Amino acid sequence: MKNLKSYALGFLVVVTVGCSKEKEPTYLKEELVNLAPAEGTDKIDVVLARDINDAVPCADYGEGCLSAHRFRTRGLNFIAVEFETPAHAETAAKKIYAWTSRNWLLDDVDGEPLLERWAAEHLKAKSFNPQKKTKEGFAETPAESAPASKASVP
């Protein structure tokens with residue numbers, strides 16, 4: 001009977017350790033903001049809602065959304081949406097061709113080359129636009145991917 005209890009306890013330990021999953025790394029809002037420079041054109045500024053109707057509703061982004069914020073950098077606005085997990089952020093990003101950085105979805109970044117490069121450089125963000133090609137972590141704009149002009153070749 002004592003051996004049976006030992007085997008049961010050993011089995012329980014193996015199952016508990018084997019089934020435990022390491023938590024995916026996430027950013028808090030302060031950690032995300034601190035990834036960007038503290039000064040200069042690349043710093044992040046929080047853009048406050050003018051009134052209740054100007055706030056970004058979390059319901060627009062789906063399951064797992066915790067909060068949504070408006071930010072400004074390089075003179076351009078974007079929306080950063082915090083999710084419970086990186087998987088929630090990626091699921092939502094695939095639906096709207098957004099960018100993600102861990103558990104954050106970055107909306108209104110896709111199609112803005114300055115923001116795309118900034119997000120890739122400072123936030124290590126990735127695009128979920130299937131038509132977007134990335135080169136060494138930076139989004140390639142049409143001008144960057146175009147062949148050189150024959151007029152400019154010596």
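All values derive from a computational prediction rather than experimental measurement.
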Would you name the heavy atoms of D42 and H122 that are closest together and state the gap between them? OD2-NE2, 3.2 Å

When every non-hydrogen atom of E31 is compared with those of T26, the smallest separation belongs to OE1-O, 3.9 Å

Can you say whether the rings of F83 and H88 are parallel (under 30°), tilted (30 to 60°) or perpendicular (over 60°)? parallel

To the nearest 0.5 angstrom, please state how far the CG atom of N129 sits from the CD1 atom of I96. 11.0 Å

Considering all heavy atoms of both residues, which atom of S101 and which atom of L123 are nearest to each other, and what is their separation? OG-O, 2.7 Å

Salt bridge check: are K126 and E90 linked by an N-O gap of less than 4.0 Å? yes

Please check if L114 and W99 belong to a single hydrophobic cluster, counting links between Ile, Leu, Val, Met, Phe, Trp and Tyr side chain heavy atoms closer than 4.5 Å. yes

Nearest 0.5 Å please: distance from the NZ atom of K29 over to the CD atom of E82. 9.0 Å

To the nearest 0.5 Å, what is the distance between CZ (R102) and NZ (K124)? 11.5 Å

Can you give me the closest heavy-atom contact between D108 and L115, atom names plus distance? O-CD1, 3.6 Å

Taking every non-hydrogen atom, the tightest pair across P113 and G111: CD-O, 3.4 Å

Could you tell me if the side chain of V47 sits less than 4.5 Å from the side chain of N77, heavy atoms only? yes

Between R70 and V46, is a side chain to side chain contact (heavy atoms under 4.5 Å, CB included) present by the stated rule, with each step listed? CA-CA 6 Å; R70 291 183 194 272; V46 177; over 6 Å; no

Verify the cluster assignment for I79 and L106: are they in a single hydrophobic cluster under the rule of side-chain heavy atoms below 4.5 Å apart? no

Are L66 and V81 connected in the hydrophobic side-chain network, where two residues link if heavy atoms are under 4.5 Å apart? no

Count I, L, V, M, F, W, Y as connected when their side-chain heavy atoms are under 4.5 Å apart, and connections chain through other members. Are F71 and L76 then in the same cluster? yes

Between V109 and W104, is there a shared hydrophobic cluster once you connect ILVMFWY residues whose side-chain heavy atoms come closer than 4.5 Å? yes

Of all heavy-atom pairs linking L32 and A80, the shortest is CD2-CB, 4.4 Å

Atom pair OG1/CG of T85 and N103 - distance to nearest 0.5 Å: 8.0 Å

Does I44 form a side chain to side chain contact (heavy atoms under 4.5 Å, CB included) with R72? I'd like the steps, not just the answer. CA-CA 6 Å; I44 295 177; R72 183 175 187 83; over 6 Å; no

Is any side-chain heavy atom of D110 less than 4.5 Å from a side-chain heavy atom of E116? yes

Below 4.5 Å, heavy atoms only, C-beta onward: do Y27 and L35 meet side chain to side chain? yes

May I ask you to check whether over 12 heavy atoms, not counting those of Y97, lie within 6.0 Å of atom OH? no

